[in-house]
J.: 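Got a structure for you, written out below as structure tokens; questions coming shortly.
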Amino acid sequence: MTTQYWLVKSEPEAYAWADLVRDGRTAWTGVRNYQARIHLNAMKRGDRVMFYESITTKAVVGIAEVTKPAFPDATADEPGWVAVELKSVSALAQPVALTQIKAEPSLANIGLLRQSRLSVMPLARAEFERIVKLAG
DNA sequence: GCCAACGTTGGC
DNA sequence: GCCAACGTTGGC
């Protein structure tokens, strides 16, 4: 199975990239949106995940990896919600700001711009690589 | 702090 | 099943 690419968003006050670096691995819990859940369920071990910090940072700051596919989210009040386990892989050399992403024609279709409220979304391989390149 | 986008809820 | 009201997210 080929590696797939994803982007997850987090408010840094809730859980920042630095927290993932500190923790090494974390259960990505708290997703309560059906479309995001579909994406969580589609994640496989080894998939690459870009970590976007919203609100204050507004930039992609690091790359994580799926270390455990979807399992029940223990923080949910109702059954059916899932989490995955992520581990930090590497920080980007430079954060890639939302403004840079908006300014990049080849990224015009990424979910981050098209569906600004979605917190878990797929990325095309080319989009993933483009953002890595923008990071320098 | 404001507001647009969008998801959810509840009355009908 | 429709739609108005409301809540949340997140950029600005």
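So you know, we letter chains A, B, ... as the sequences are listed, proteins then strands, and number each from 1.
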J.: Can you pull the side-chain hydrogen bond (donor to acceptor under 3.5 Å, both in side chains) pairs that have at least one residue in residues 86-101 of chain A, sequence neighbours excluded?
T.: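 As it turns out, there is no side-chain hydrogen bond (donor to acceptor under 3.5 Å, both in side chains) pair with a partner in residues 86-101 of chain A once direct neighbours are skipped.
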
J.: Would you mind listing every salt bridge (Lys or Arg N to Asp or Glu O under 4.0 Å) that reaches into residues 47-61 of chain A, with sequence neighbours excluded?
T.: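 Every pair satisfying salt bridge (Lys or Arg N to Asp or Glu O under 4.0 Å) with a residue in residues 47-61 of chain A: A:Lys44-A:Asp47, A:Arg48-A:Glu65.
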
J.: Can you list the other members of the hydrophobic cluster that holds A:Phe71, where links are side-chain heavy atoms under 4.5 angstrom apart?
T.: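 Hydrophobic cluster check, A:Phe71: no partners found.
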
J.: Please list, in 5' to 3' order, the outermost nucleotides of DNA chain B lying under 4.0 Å from any heavy atom of chain A.
T.: B:dA5 to B:dT8

J.: Can you tell me which residue pairs pass the salt bridge (Lys or Arg N to Asp or Glu O under 4.0 Å) test with a partner in residues 18-30 of chain A, sequence neighbours excluded?
T.: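 For residues 18-30 of chain A: A:Asp19-A:Arg22, A:Arg25-A:Glu85.
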
J.: Under 4.5 Å side-chain heavy-atom separation, chaining through any Ile, Leu, Val, Met, Phe, Trp or Tyr, what else clusters with A:Ile55? Say none if it is isolated.
T.: none

J.: To which residues is A:Ile38 joined in a hydrophobic cluster, defined by side-chain heavy-atom contacts under 4.5 Å among Ile, Leu, Val, Met, Phe, Trp and Tyr, whether direct or through other members?
T.: none

J.: Rounded to 10°, tell me the angle between the two end axes of the helix from B:dG1-C:dC12 to B:dC12-C:dG1, each built from five pairs.
T.: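 One end's axis against the other's: 10°.
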
J.: Which residue pairs pass the salt bridge (Lys or Arg N to Asp or Glu O under 4.0 Å) test when at least one of the two sits in residues 98-120 of chain A, sequence neighbours left out?
T.: A:Glu104-A:Arg130

